[in-house]
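Written below as structure tokens is the structure these notes are about.
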Amino acid sequence: MSVAPLLTAAVTAPSQTSLSKDKLASSVLTALLGLVLVYAAGFAESAILHNAAHDGRHSASFPCH
């Protein structure tokens, strides 16, 4: 008697609806994060954005001068 059919019968795959709900939730959260970033960048003063990018370059050990 083979063990493989018993193992494959015991493993259940997630349903298609739960996968599509997860993808939808991920897409919505990603879109909201993108909108928040664009909104924040649009209303921030340019000096604040420059300093944030400048500090990010230095924290990544990337020379910017």
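Source: prediction; values computed, not measured.
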Practice problem: Report the distance from atom CG of Asn51 to atom CG of Asp55, rounding to the nearest 0.5 Å. | Solution: 6.5 Å

Quiz item: OG1/Thr30 to NZ/Lys23 distance, rounded to the nearest 0.5 angstrom?
Solution: 13.0 Å

Practice problem: Say whether Leu24 and Leu32 are linked into one hydrophobic cluster, either directly or through other cluster members, by side-chain heavy-atom distances under 4.5 angstrom. | Solution: yes

